[in-house]
Number of protein chains: 2
Amino acid sequence: MPGRNHKKLPTPLNKQPCVESEMQHLADFKVGVDNVIFSVDTAQNRLLVLLVMRQQEPFLNSWSLPGTLVRQGESLEDAAYRIMAEKIRVNNLYLEQLYTFGGPHRDPREANDSYAIRYLSVSYFALVRFEEAELIADKVSGIAWYPVKDVPQLAFDHNQVLAYGHRRLRNKLEYSPVAFDVLPATFTLNDLYQLYTTVLGDNFADYSNFRARLLKLGFLSDTGIKVSRGAGRPATLYRFDAEAFAPFKDKPLVFI
Amino acid sequence: MPGRNHKKLPTPLNKQPCVESEMQHLADFKVGVDNVIFSVDTAQNRLLVLLVMRQQEPFLNSWSLPGTLVRQGESLEDAAYRIMAEKIRVNNLYLEQLYTFGGPHRDPREANDSYAIRYLSVSYFALVRFEEAELIADKVSGIAWYPVKDVPQLAFDHNQVLAYGHRRLRNKLEYSPVAFDVLPATFTLNDLYQLYTTVLGDNFADYSNFRARLLKLGFLSDTGIKVSRGAGRPATLYRFDAEAFAPFKDKPLVFI
DNA sequence: ACAAAAGTGTTTTTTATACACCCATGC
DNA sequence: GCATGGGTGTATAAAAAACACTTTTGT
C-alpha cells in the first residue's frame, strides 16, 4: 500500500558498489501506464470511473483500468495521453501522475522463475467532464463508466490503484481548483456544491456557508445569465476566473 | 515538471487495440531508484540532503542522489531501502515514493537511436535523524550532507528530483507528523519549532502560539525531565505520543 | 397559494494573530 | 543583577459553523 512507511533498515550488507559485472542481475522491465479516469455525473450525483473489458490474456474478460505499454520513444505522459485519446473524446481534462506499482509478481505474465521480464505500472489520475466525454467503443470491446461505489473485482492490482486514485481525487478537490476542470465552463453554485458533496461526502459546510466562502474568494465571476431548472428560483451561472485565482496558487488554501 | 497538467487531447487515432504483433515496438526498460534523503541539522539550523559522488559513467565525478538499478526479484521499495542501507546507518527513518521520471533521453546511456534500452527513475523521499545518522563511506567514494540551499549541479535530472522532494517535504511537515521521525525520541518544544522554521522558513505563527497550539492538541506528552542548554531557563522534554495522535490521522489537520 | 430551489443575513463559537509579561538559569 | 532562553496569559481579529429568513420561479 502506498503512503507512509516506517521501517527499520536491514543491517547494511557491506557490498561493492554497482559495477558492470552486476548488469546480469538487473531486472528487465516493460513499463505499463494505467489511468484512473474519473468523472462526475451531476444529474445523478455519482462519482464514476472509466473501466474497460480486457480483450486479451492475462485477465481476459476482466474489467480493468484502461492501460497500455510504453512504446519506444514515448514518454510516460505521452502514453497516458494516448490511452485517453484511444478511449475517450473530451475537450478538457486534468491529468497527473499518481503512483508507480512495481513489485515483482504483480503481473502474471512474469513467469515464476525470477529471470523473466518484470511488468511495472505507472498510474495516472485523470478527471474529465462527464457530459462532454464521448466514449470510443472500438469494435466489441467493453468500455463503461462505473460508479466507484460498485466497481467489481478488477484485473491486476487495479482495485488498489483505484483506491489510491480516489484518495488523491478527494485531496485534490479540497486543495486545488480541479473542480473547474470537470464542470462545464459556466455552472451554478449548486452544481459546484453537488460536485463537492458527491466526491467528498456531505461532511462539510452547508450550502449557505459554502456559497459565502467561495464568493468572497472572488475567483468566480457572475456571468449575469440565469438558468432555470424546473421549479424554484433560477440560478445564476458563474465562470471560473483563472486569473483571479492565480494569487491563491500554491497556498495551503482549502475551500470546502 | 511533475504536477498539474491541462492539455488538449490529440485527435484520436482510430487504431487497433494492442496486440502481440506490437510487442516489438514496446520500449525495454531498466528501472532505477533514486532517493532524496533529507535530514535537519538542528544545531546549525540547516536542511541537508545526502549526495554521493558518482564512481562511474555516465556523469563520472558528478554529485548525484544516491541511487541504484532494480535487481531481479526486488521490489521498488526494496531497492529504496537497499540504497539507504548501503549509504547510511540509522535506527529510524521515514520513506515514501516521490515521483517517476521516465521520459526518453533523460539518461545519456540511452543511445540516440530509439531502439536502445530506456532508463526510468522512480524516486523516493526519505527523512532521517541527522544526529544518529552515520554515513557509510565505502572506500574512496564521496558521500556528504549538503545544505539544500547550495547543492551544486547534479547528475541526470537530479536537481529537478530534489526540487520536487523539497516541495514534498514542506507539505509533509505541515500536514503530517513526520517531524517526530527526524527528532530524537525526546525533544524540547524549541527543537520542534526550530525544525519547522528551518524547513518551512519562518513565515508562520510565533513561538508562543505554535507552542499553545501543539500542546492543546494533546499528543505531546511531558516527560517531566528538564534539560538546560547554556544560559536561560531549562526546557522540558516532550515525547510524541503516537496513540494520542491516532485520531488526527488522515484528517486535513495542519499544525504549523 | 404554495412548494421548491436560490440567495441573503445574523448570531455564536472557534481559531488565528499579536504581543505583553513572568520564570528560571548561567555568568 | 541582568542577559538569555523558556513559558504563560490576554486582547483582538478573523474565520467557521449553525440556522433563520427572503426572493423568485413553476404549477
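Reminder, nothing fancy here: chain letters follow the sequence lines and each chain counts from 1.
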Colleague: Salt-bridged, B/E174 to B/R170, with N to O below 4.0 Å?
Modeller: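 Looking at B/E174 and B/R170, the cut-off is not met.
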Colleague: For B/L220 and D/dG7, what is the distance between atoms CG and P respectively, to the nearest whole Å?
Modeller: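 Between P of D/dG7 and CG of B/L220: 12 Å.
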Colleague: State which residues pass ring-ring contact (aromatic ring centres under 6.0 Å, His included) with B/Y124; sequence neighbours excluded, sorted by chain then number.
Modeller: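 Per chain and number, B/Y124 pairs via ring-ring contact (aromatic ring centres under 6.0 Å, His included) with no residue.
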Colleague: Give the B/S/- string for nucleotides 19-27 of chain D, one per nucleotide from 5' to 3', where a protein heavy atom under 4.0 Å of the base yields B, of only the sugar-phosphate yields S, and otherwise -.
Modeller: B---BBBS-
Colleague: Under 4.0 Å between a side-chain N/O of B/Y207 and OP1 or OP2 of D/dG7, yes or no?
Modeller: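 Checking D/dG7 against B/Y207, a side-chain N or O does come within under 4.0 Å of OP1 or OP2.
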Colleague: Counting only pairs under 3.5 Å, give me each side-chain donor-acceptor contact of residues 224-235 of chain B, with atom names and distances, residues two or more places apart or in other chains.
Modeller:
unit_1 : atom_1 : unit_2 : atom_2 : d
B/R229 : NH2    : B/D191 : OD1    : 2.5
B/R229 : NH2    : B/D191 : OD2    : 2.8

Colleague: Do B/D222 and B/T236 get their side chains close enough for a donor-acceptor pair, meaning under 3.5 Å?
Modeller: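 On atom types as modelled, these side chains do not qualify, holding no pair under 3.5 Å.
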Colleague: Can you measure B/L214 atom CG to D/dG6 atom P for me and round it to whole angstrom units?
Modeller: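 It is 16 Å, rounded to the nearest whole Å.
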Colleague: Can you list the residues that meet the salt bridge (Lys or Arg N to Asp or Glu O under 4.0 Å) rule with A/R239, with sequence neighbours excluded?
Modeller: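 Per chain and number, A/R239 pairs via salt bridge (Lys or Arg N to Asp or Glu O under 4.0 Å) with no residue.
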Colleague: By a strict heavy-atom criterion of less than 4.0 Å, which residues belonging to residues 185-193 of chain B are in contact with DNA chain D?
Modeller: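 Heavy-atom contacts with DNA chain D come from B/N190.
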Colleague: Excluding sequence neighbours, so at least two apart, what forms ring-ring contact (aromatic ring centres under 6.0 Å, His included) with A/Y146?
Modeller: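 ring-ring contact (aromatic ring centres under 6.0 Å, His included) check on A/Y146 returns A/W63.
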Colleague: Working to the nearest 0.5 angstrom, can you tell me the gap between B/Y99 OH and B/R168 CZ?
Modeller: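 Taking OH in B/Y99 and CZ in B/R168, the distance rounds to 10.5 Å.
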Colleague: Determine, step by step, whether B/Y238 and B/L183 satisfy the side chain to side chain contact (heavy atoms under 4.5 Å, CB included) criterion, reporting the C-alpha distance in whole Å, the side-chain angles of both residues, the deciding distance to 0.1 Å, and the verdict.
Modeller: CA-CA 11 Å; B/Y238 287 84; B/L183 287 173; over 6 Å; no
Colleague: OP1 or OP2 of D/dA16 versus the side-chain N and O atoms of A/R213: is any pair under 4.0 Å?
Modeller: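 Checking D/dA16 against A/R213, a side-chain N or O does come within under 4.0 Å of OP1 or OP2.
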Colleague: Across the strands shown, which category fits A/R229 at heavy-atom distances under 4.0 angstrom: base, sugar-phosphate, nothing?
Modeller: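 The residue A/R229 makes no contact with any strand.
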Colleague: Would you say B/R211 places a side-chain N or O within less than 4.0 Å of OP1 or OP2 belonging to D/dT8?
Modeller: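 For D/dT8, OP1 or OP2 has a side-chain N or O of B/R211 closer than 4.0 Å.
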Colleague: Rounding to a whole Å, what distance do you find between B/F210:CZ and C/dC19:P?
Modeller: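 In whole Å, C/dC19 P lies 20 Å from B/F210 CZ.
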